[in-house]
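Positions are given from 1 along the sequence.
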Amino acid sequence: MHQIACHACDLIHDIPPMPSRAAACCVRCGSVLFRAKPNSIDRTLAWTLAGLVLYAIAVSYPFLAMKIGSVVQQTSLLGGVQQLFNQGIIPLATLVLLTCVVIPLIQMLSLLYVFIPLKLKTQSKFAIPVFRLLGHIKPWSMMEIYMLGILVSIVKLGKMATIVPGLAVIAFSLLIFVLAFALSSVDHHMVWERLGGKFAKVTNPSEKTMKLVSCEACHLLSRWPKNSEGQIVCCPRCSGEMHQRKPNSLMRTWALLIAAIIFYIPANVLPMTITSAVGSTSADTIMSGVIYFIHSGSWEIALVIFTASIFVPFMKFIILIYLLLSVQFKSIKRPKKRTRFYHFTEAVGRWSMLDVYVVSILISLVKLGFLADIAAGPAVIYFAAVVVTTMLAAESFDPRLIWDVVEEKS
């Protein structure tokens, strides 16, 4: 039996030995605490090795080809990134490169670096910081959103040209599932016990005599040292910096949220793409893109874009404002529901990257000179900023503050 603190409400639980594939949930807020995963090392290594093979194919072969008459334009996985660099939109090109190409590769290489020595019953020198990094970058791997962007682009361009998927698209599609299976096979608690050793159970903790703090990276419960004001406290297992609560959580969340709201205005007013065709030029905003798909009969695509690019960011603003005000005004109403709202903002915010990926795909495919050309508009930069700042805002908010108020008034 071991102890773990809920990452959402900080309630300490005793976790008994669990059957295979079982999950333990917090009795107070309902968040998932622990999942028992069988054969974690073998399954993770198998999926990761398969993923590396698919990754090599995805980055080496043609991704999509657009055919208009006898004119054929091909693009690779890196084609959109290259076009963004050519247009001078370097921050956005870097963001697309990281989220769809670099971070997935880092995830697979990190899994191999950690799990191959575990399989051989040894330990790599930098296994602990590498495994800690793996947890931090997980939300920023967005291949499945890029794949959805491909489908939207195919529907949009299908009216004017024939779109031919390449071998890389098939490999990329399979890679999304394979990497998801690899990451879901990781038994984090088992890995941390192998890497950092088992620590003695803390019995009968009393808030009057000691404070227990959970490491955000490896979830180890440790005694908070006395007279540690102004000092950096590190986890004894993973060496990550520990905090009783996220530093300046409310202030940082407010700052990032206000910045996101400011970016949201030009993101919706300015054009996302600028299309030139046979001497004429037109500019499309997010909403005009939604209207285009409605008029063309693609209601499903219009709904997807509207949800990901307009509804989700707006809902994140509303939910984060509600959470921040409820904590600042010390509300004790519906803490469990507010915790679920927080999990919702964490889960869906990244899907707003859809429009950014659609733009990167379109500008790499539609390069036909005088016949047709699509360039990224200024709104795409602001919209990418909205996605990043809202994700950082959700990450900065500490849901344990919701329950601190409840405990103070109980």
Side-chain angles (χ1 to χ4, degrees), residues 2-7 33-35 37 40-49 51-52 55 94-95 97-143 179-200 212-225 228 230-249 252 346 350 388 391-392 394-396 398 400:
H2 63 277
Q3 289 184 320
I4 186 171
C6 176
H7 63 280
L33 301 171
F34 176 85
R35 292 186 187 274
K37 299 177 181 179
S40 175
I41 294 177
D42 292 338
R43 291 170 61 220
T44 302
L45 284 174
W47 287 118
T48 304
L49 289 171
L52 283 174
Y55 182 89
T94 304
L95 179 63
L97 178 66
L98 286 174
T99 55
C100 294
V101 180
V102 176
I103 290 180
L105 179 61
I106 292 175
Q107 286 179 303
M108 290 184 284
L109 294 179
S110 298
L111 287 173
L112 290 183
Y113 184 81
V114 172
F115 276 81
I116 288 178
L118 289 180
K119 177 65 176 177
L120 300 175
K121 300 187 184 305
T122 61
Q123 181 175 323
S124 305
K125 182 178 180 181
F126 301 105
I128 288 178
V130 167
F131 195 63
R132 192 171 66 235
L133 172 68
L134 193 62
H136 291 315
I137 65 175
K138 184 179 179 180
W140 300 94
S141 178
M142 303 182 186
M143 291 191 301
L179 183 54
F181 289 144
L183 293 172
S184 65
S185 299
V186 176
D187 188 330
H188 291 82
H189 292 277
M190 178 276 294
V191 174
W192 282 119
E193 286 186 352
R194 295 277 192 94
L195 296 180
K198 296 182 179 180
F199 288 78
L212 297 180
V213 177
S214 175
C215 174
E216 293 183 21
C218 72
H219 304 293
L220 176 70
L221 274 176
S222 305
R223 292 181 177 88
W224 188 256
S228 59
Q231 299 180 8
I232 297 176
V233 179
C234 294
C235 174
R237 179 159 68 181
C238 73
S239 301
E241 191 172 336
M242 295 178 63
H243 306 281
Q244 296 185 51
R245 295 293 180 267
K246 293 179 182 179
N248 304 314
S249 174
R252 290 167 57 203
E346 271 196 317
R350 55 204 293 276
V388 172
M391 288 181 65
L392 292 175
E395 186 179 310
S396 298
D398 196 331
R400 295 171 295 184

request  = Evaluate the side chain to side chain contact (heavy atoms under 4.5 Å, CB included) criterion for residues Met190 and Ile41: first the C-alpha distance (whole Å), next the side-chain angles of each, then the deciding distance (0.1 Å), finally the verdict.
outcome  = CA-CA 10 Å; Met190 178 276 294; Ile41 294 177; 3.7 Å; yes

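- Pairs of residues two or more places apart, or lying in two chains, that qualify as side-chain hydrogen bond (donor to acceptor under 3.5 Å, both in side chains) and include a residue from residues 117-142 are Asp42-Lys119, Gln107-Ser141.
- Residues passing the salt bridge (charged side-chain N to carboxylate O under 4.0 Å, His left out) test with Glu395: none are found, sequence neighbours excluded.
- Qualifying ring pair (Phe, Tyr, Trp, His ring centres under 6.0 Å) partners for His7, counting only residues two or more places apart in sequence or in other chains: His343.
- A distance-only check finds no donor-acceptor pair linking the side chain of Arg245 to the backbone of Asp398 [under 3.5 Å].
- At a threshold of 4.5 Å between non-hydrogen side-chain atoms, the residues Glu193 and Arg237 count as touching.
- Shown are Ile232, Leu220, Val213; of these, the side-chain contact (heavy atoms from CB on, under 4.5 Å) with Met242 is made only by Val213.
- In this view, Tyr55 satisfies the ring pair (Phe, Tyr, Trp, His ring centres under 6.0 Å) rule with no residue, not counting sequence neighbours.
- One finds the CG atom of Asp187 at 11.5 Å from the OG atom of Ser184 (value rounded to the nearest 0.5 Å).
- The main-chain N or O of Ser185 is found under 3.5 Å from a side-chain atom of Ser40 such that the two form a donor-acceptor pair.
- For the atom pair Lys37 NZ and Thr44 OG1, the distance stands at 8.0 Å (nearest 0.5 Å).
- Between Pro139 and Gly135, the shortest heavy-atom distance links the atoms CD-O, 4.0 Å.
- In this structure, His189 and Phe34 approach most closely via the heavy-atom pair CD2-CD1, 2.9 Å.
- Residue Leu98 holds its CG atom at 10.0 Å from CD1 of Ile137, rounded to the nearest 0.5 Å.
- Within the structure, the ring-ring contact (aromatic ring centres under 6.0 Å, His included) test picks out the following pairs touching residues 97-135 (sequence neighbours left out): Phe131-His188, Phe131-Trp192.
- The heavy-atom pair separating Cys238 from Cys235 by the smallest distance is N-SG, 3.5 Å.
- Atom-to-atom distance recorded for Ile4:CD1 and Leu33:CG is 5.5 Å, nearest 0.5 angstrom.
- The only option from Ile116, Leu120, Val114 that meets the side-chain contact (heavy atoms from CB on, under 4.5 Å) definition with Leu118 turns out to be Val114.
- From Ile106, atom CD1 reaches atom CG of Leu111 across 12.0 Å, with rounding to the nearest 0.5 Å.
- With rounding to the nearest 0.5 angstrom, the OG atom of Ser214 is 13.0 Å from the NE2 atom of His243.
- Not counting sequence neighbours, Arg35 has no partner by the salt bridge (charged side-chain N to carboxylate O under 4.0 Å, His left out) test.
- Between the side chain of Lys246 and the main chain of Ser396, no donor-acceptor pair closer than 3.5 Å is present.
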